[in-house]
*Asks:* 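Before anything else, here's the structure in question.
In this text, all values refer to a predicted model and were calculated from it rather than measured experimentally. All heavy atoms count here, side chains included; hydrogens, waters and symmetry mates do not.
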Amino acid sequence: MATDSVCHDIWPLSTSGWTTWSFQVHGELASKQVWGIVNKTRSKLATTDVKTFAKWTVDTECAAGVIMCYTGTDAATHLTDLDDPVEMWKQLKAAYNAPVPGACLVALRALLSACQMPEEMLDQLATRIPSVKLKNEVASHKRLD
């Protein structure tokens with residue numbers, strides 16, 4: 001299991017950053033060989049082998065720790081079980097990846113906030129509005145499992 005971060009510039013999770021955040025944290029978890037715990041392809045084995053159980057426990061703590069490290073204080077309010085990385089991922093995904101009215105309102109607010117600047121011509125404003133719309137579509141509508 002690697003100990004250094006491979007994604008040094010992961011920003012904390014925010015309202016518009018699930019796609020990028022989940023991609024980067026997925027990479028971080030995979031580099032530490034613990035992504036399988038989060039996506040449930042590697043489950044807790046019913047075993048009496050102490051070494052196997054100990055490794056699974058350490059890797060589960062590692063996965064939970066990575067998620068906690070890159071979850072901002074606002075996003076942390078959605079976490080109820082800090083010992084279960086599978087549940088943590090589900091809760092964050094439900095809060096930040098769901099097509100909620102809030103995401104639509106954020107996009108609408110950004111679009112409606114586009115005002116003509118004092119020296120700006122109408123055709124310049126018309127060119128600028130689709131870039132605001134596109135930026136919000138990328139932030140609100142693209143999803144990553």
*Asks:* Is Trp18 close to Phe23 at the side-chain level, that is, under 4.5 Å between some pair of heavy atoms?
*Replies:* no

*Asks:* Take Asp59 and Arg42, measure what salt bridge (charged side-chain N to carboxylate O under 4.0 Å, His left out) needs, and give me the verdict at the end.
*Replies:* CA-CA 10 Å; Asp59 288 350; Arg42 183 173 152 205; 2.3 Å; yes

*Asks:* Verify, without hydrogens or angle tests, whether Thr77 (side chain) and Asp74 (backbone) share a donor-acceptor contact under 3.5 angstrom.
*Replies:* yes

*Asks:* To check you understand the geometry: which heavy-atom pair defines the closest contact between Val38 and Ala63, and what is its length?
*Replies:* CG2-CB, 4.0 Å

*Asks:* Got a sec, which residues hit side-chain contact (heavy atoms from CB on, under 4.5 Å) with Glu120, two or more places apart in sequence or on another chain?
*Replies:* Gln116, Met117, Gln124, Leu125, Arg128

*Asks:* Any side-chain heavy atom of Val25 sitting closer than 4.5 Å to one from Trp89?
*Replies:* yes

*Asks:* Do Met68 and Met88 make a side-chain contact, defined as non-hydrogen atoms from C-beta onward lying under 4.5 Å apart?
*Replies:* yes

*Asks:* Side chains of Tyr70 and Leu13, heavy atoms from C-beta outward: is any pair under 4.5 Å?
*Replies:* no

*Asks:* One pair to check against side-chain contact (heavy atoms from CB on, under 4.5 Å): Val86 and Lys40. What are the steps and the verdict?
*Replies:* CA-CA 7 Å; Val86 174; Lys40 297 190 286 187; 3.8 Å; yes

*Asks:* Start with the C-alpha gap between Trp35 and Glu28, add the side-chain angles, then the distance that decides, and say whether side-chain contact (heavy atoms from CB on, under 4.5 Å) holds.
*Replies:* CA-CA 8 Å; Trp35 172 246; Glu28 183 72 19; over 6 Å; no

*Asks:* Given side-chain contact (heavy atoms from CB on, under 4.5 Å), test Thr71 with Trp21 step by step and report yes or no.
*Replies:* CA-CA 9 Å; Thr71 300; Trp21 182 89; 3.7 Å; yes

*Asks:* Who pairs with Lys51 by side-chain contact (heavy atoms from CB on, under 4.5 Å), at least two apart in sequence or on another chain?
*Replies:* Asp49

*Asks:* Taking all non-hydrogen atoms of both residues into account, name the closest pair between Leu82 and Ala64 and its distance.
*Replies:* O-CB, 3.7 Å

*Asks:* Drop me the distance from Leu29's CG to Ile67's CD1, to the nearest 0.5 angstrom.
*Replies:* 5.5 Å

*Asks:* Between Leu79 and Gln91, what is the shortest heavy-atom contact and its length?
*Replies:* CA-OE1, 3.3 Å

*Asks:* Decide yes or no for Pro85 and Thr60: does some side-chain heavy atom of the first lie under 4.5 Å from some side-chain heavy atom of the second?
*Replies:* yes

